[in-house]
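Worksheet: one structure, shown below.
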Number of protein chains: 2
Amino acid sequence: MDMTKSSGSITLVDVAREAGVSLKTASRVLNREVSVSGDTLERVQSAMARLGYRPNELARGLKAKKSATIGMVVKNLADPFAANVVKAVQDVARANGYIVILANSGWDPEVERSEVESLIRHQVEGLIISPLGGSKSTFLDIIPPGFHVVTLDQPIRKAAFDSVMINNRQSASDAVQHLLGHGYDRVVALSTRPWLHTSMERIAGYRDAMRERGFESLVASVDHESFITKEWLGGVLKEHKANALISMNWVCTIAALRGLKQNGKRPLRDIAFISFDDFELADTIQPTVSAVRQPTEEFGYEAAQLLFQRLRGTSQQRRRTIALPTTFIPRESCGCRL
Amino acid sequence: MDMTKSSGSITLVDVAREAGVSLKTASRVLNREVSVSGDTLERVQSAMARLGYRPNELARGLKAKKSATIGMVVKNLADPFAANVVKAVQDVARANGYIVILANSGWDPEVERSEVESLIRHQVEGLIISPLGGSKSTFLDIIPPGFHVVTLDQPIRKAAFDSVMINNRQSASDAVQHLLGHGYDRVVALSTRPWLHTSMERIAGYRDAMRERGFESLVASVDHESFITKEWLGGVLKEHKANALISMNWVCTIAALRGLKQNGKRPLRDIAFISFDDFELADTIQPTVSAVRQPTEEFGYEAAQLLFQRLRGTSQQRRRTIALPTTFIPRESCGCRL
DNA sequence: ATGAAAGCGCTAACAA
DNA sequence: TTGTTAGCGCTTTCAT
């Protein structure tokens with residue numbers, strides 16, 4: 001072996017020279033392979049410590065075709081739900097010795113596509129993505145065959161990806177039934193981005209509940225949250241003679257609460273209210289807001305588990321979908337007396 | 001050249017063969033080098049497209065010693081402020097052709113240290129970190145000389161890192177003066193993790209304002225947010241005969257609002273309130289909450305700019321600290337009539 | 001239990 | 001303008 005080169009940083013070759021062993025032996029120590037005698041093991045380890053050796057994961061990954069890296073793409077990191085899911089994924093990744101490359105699609109299909117492309121170029125071993133949905137997402141064709149993807153909230157029909165979601169339809173239906181149980185009959189469903197799987201399912205659940213009681217479905221849906229203006233919301237409520245409102249996601253909830261206030265309406269006093277998505281302060285503001293709580297941590301945790309099982313080759317099944325249960329948190333705004 | 005190998009995925013060698021040029025020429029096209037004739041350029045590009053070629057950024061980075069990757073470490077992604085900063089950093093990184101590896105220290109010094117170590121092993125070109133602070137942070141000794149680090153919220157005395165922060169002391173002082181201007185004289189400052197630079201500075205600003213008017217400083221500080229229980233908060237307010245309260249960060253604000261409610265006290269009616277950190281719904285809840293708003297996007301943006309300027313070698317100065325201005329948003333809870 | 005040589009996919013000299 | 005030869009730092013045959 002040569003071992004005469006001297007580059008900037010300390011490499012395994014340096015360690016090997018310092019320990020008086022071959023490059024391969026040093027490599028064995030680094031990878032905790034068994035076939036190393038106690039003596040050499042110690043010599044190499046002390047050489048590593050002395051030199052302050054840092055393995056280069058890029059070089060390691062290049063040859064071994066393992067980057068110890070997973071990619072994650074979310075739609076909007078500013079959404080607390082998304083942020084918490086990322087956090088959970090990151091925890092699991094760390095426990096598995098992996099790092100997470102994070103991308104934010106910002107609801108832009110082109111960004112989503114180019115970020116996925118970028119992640120693949122960086123040799124992520126797998127991908128957890130919260131897709132923009134159906135026809136909006138255009139990243140499918142750049143996923144290499146056999147590449148492991150786990151989708152969040154949105155199943156992809158054309159591909160056999162694992163996915164994690166909640167039981168959107170049933171959860172929404174239950175919440176609406178709760179409202180109906182309090183005697184409200186004109187429940188308006190407030191939703192955005194109707195093409196999303198979550199939106200469609202939740203609206204479907206809403207319709208289920210309304211239909212079952214023979215009530216008219218009153219769906220107010222817009223493409224973007226910013227369309228929920230004071231005037232629009234006021235118009236919707238008046239037109240439908242609404243006495244209850246259920247917002248179908250967090251951004252909607254914020255917009256709804258703000259819009260109600262701007263229209264001089266207070267939850268409960270003027271209109272019953274349920275939020276699909278629990279949030280900080282829901283138990284604190286006046287009135288407290290009843291909410292459908294999604295299991296945030298489990299969501300990220302399960303997604304990561306699904307992915308790492310694939311990476312380990314543990315699971316061979318064709319496609320797995322995990323549907324997590326939600327919890328309805330009755331508070332004041334739905335009409336419950338607490 | 002050989003070009004006979006056939007591995008799994010398509011490499012530059014495959015492209016070169018397909019286009020009938022040398023490996024280096026293909027590489028030139030990939031890197032948009034100028035010295036390529038229009039004819040070959042097109043041949044290579046069409047070969048890339050035909051083969052569906054994906055550059056391997058790991059291999060690229062290994063040789064060029066450029067990973068096109070930066071690392072980011074935050075304390076708690078669940079904090080909306082942190083999440084938004086990450087988002088902004090990610091945007092800038094994407095615009096520069098970089099990706100972001102995200103880590104969450106979760107307030108654990110050992111995790112912080114090991115995550116930094118991991119990022120360095122993965123050859124990130126630079127690091128943006130929101131450090132745990134002073135004696136808690138132990139990652140300093142693993143930063144290689146010349147490595148570019150930008151710290152958030154917390155200057156590191158022992159190292160010449162660039163940093164971005166807000167004018168904590170002045171902002172806090174201004175907010176407290178506002179409260180004093182409304183006639184409140186017994187203002188309690190509610191803070192956590194007192195060793196943090198942000199906490200210390202904000203408390204210092206609070207004391208400045210109180211001292212200036214000859215009022216007694218009433219600081220209620222605990223190590224961890226979970227210590228802000230109903231009983232503790234009730235005791236503090238009673239003991240200090242508080243008629244106003246300023247909470248020094250977001251988690252504090254949430255805990256304070258919840259704690260006040262549990263003690264049967266309402267902001268404004270029973271006690272004036274200002275939150276250091278604006279939040280969703282601050283303008284919506286009853287009463288609306290006056291807040292010191294931090295420039296979230298700019299924060300992440302400036303940090304990323306600082307880092308990329310270093311990476312480009314644009315800036316040679318010894319050390320730069322950017323102090324961003326805050327905005328006080330007067331709402332109802334401080335006593336303002338709107 | 002240990003080592004020599006080859007090569008992962010790419011870029012960087014240095015030719016031609 | 002194009003190609004050749006070396007590696008980047010590591011893992012992997014295949015020997016010994």
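First the proteins, then the strands, lettered A, B, ... as listed; each starts at 1.
Applying the 6.0 Å contact sphere to CD of A:Glu42 captures no more than 12 heavy atoms from other residues, nucleotides or ligands. The 12-atom threshold is not exceeded at OH of A:Tyr301, counting heavy atoms of other residues, nucleotides or ligands nearer than 6.0 Å.
Judged as a ring pair (Phe, Tyr, Trp, His ring centres under 6.0 Å), and not counting sequence neighbours, A:Phe139 has no contacts. Residues passing the ring pair (Phe, Tyr, Trp, His ring centres under 6.0 Å) test with A:Tyr53, sequence neighbours excluded: none. Judged as a ring pair (Phe, Tyr, Trp, His ring centres under 6.0 Å), and not counting sequence neighbours, the contacts of A:Phe308 are A:Tyr98.
Phosphate contact (OP1/OP2 of D:dG3, side-chain N/O of B:Thr25, threshold under 4.0 Å): present. A:Thr11 has no side-chain polar atom (N or O) that falls below the 4.0 Å cut-off from OP1 or OP2 of D:dG9. Considering only side-chain N and O atoms, A:Lys65 lies under 4.0 angstrom from the phosphate OP1 or OP2 of C:dG9.
Salt bridge B:Arg113/B:Asp141: present, at least one basic N to carboxylate O contact under 4.0 Å. Between B:Glu117 and A:Arg54, at least one side-chain N (NZ, or NE/NH1/NH2) sits under 4.0 Å from a carboxylate O, which counts as a salt bridge.
In terms of position on DNA chain D, the residue among B:Val34 and A:Tyr53 whose nearest nucleotide sits closer to the 5' end is B:Val34.
Atom pair B:Lys66:NZ and C:dA12:P shows a separation of 10 Å (rounding to whole Å applied). In this entry the distance linking CG of A:Asn56 with C1' of D:dG7 reads 14 Å, nearest Å. Look at CZ on B:Arg54: it is 20 Å from P on C:dC8, rounded to the nearest Å. Distance B:Leu58 CG to C:dG7 C1': 16 Å, rounded to the nearest Å.
Each of A:Gln309, A:His148, A:Arg310 was compared with A:Asp162 under the side-chain hydrogen bond (donor to acceptor under 3.5 Å, both in side chains) criterion, and only A:Arg310 meets it.
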Distance-only criterion, 3.5 Å: show the donor-acceptor pairs between side-chain atoms of residues 83-92 of chain B and protein atoms not counting sequence neighbours.
{"residue": "B:Asn84", "atom": "ND2", "partner": "B:Pro80", "partner atom": "O", "Å": "2.9"}
{"residue": "B:Lys87", "atom": "NZ", "partner": "A:Asn76", "partner atom": "OD1", "Å": "3.2"}
{"residue": "B:Gln90", "atom": "OE1", "partner": "A:Asn104", "partner atom": "N", "Å": "3.1"}
{"residue": "B:Gln90", "atom": "NE2", "partner": "A:Leu102", "partner atom": "O", "Å": "3.3"}
{"residue": "B:Gln90", "atom": "NE2", "partner": "A:Glu115", "partner atom": "OE2", "Å": "3.0"}

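Checked against D:dG3, D:dT1, D:dG9, the side chain of A:Leu62 finds its nearest nucleotide in D:dG9. You'll find that the side chain of B:Val36 is closest to D:dT2, out of C:dC10, D:dT2, C:dG9.
Using a 4.0 Å heavy-atom cutoff across all strands shown, A:Ser35 reaches at least one base atom of the nucleic acid.
For residues 37-52 of chain B, proximity to DNA chain D is found at B:Ser37, B:Thr40, defined as any non-hydrogen atom under 4.0 angstrom from a strand atom.
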Task: Summary of protein contacts for nucleotides 11-16 of chain D, nucleotide by nucleotide, where a base hit scores B, a sugar-phosphate-only hit scores S (4.0 Å, heavy atoms) - done: BB----

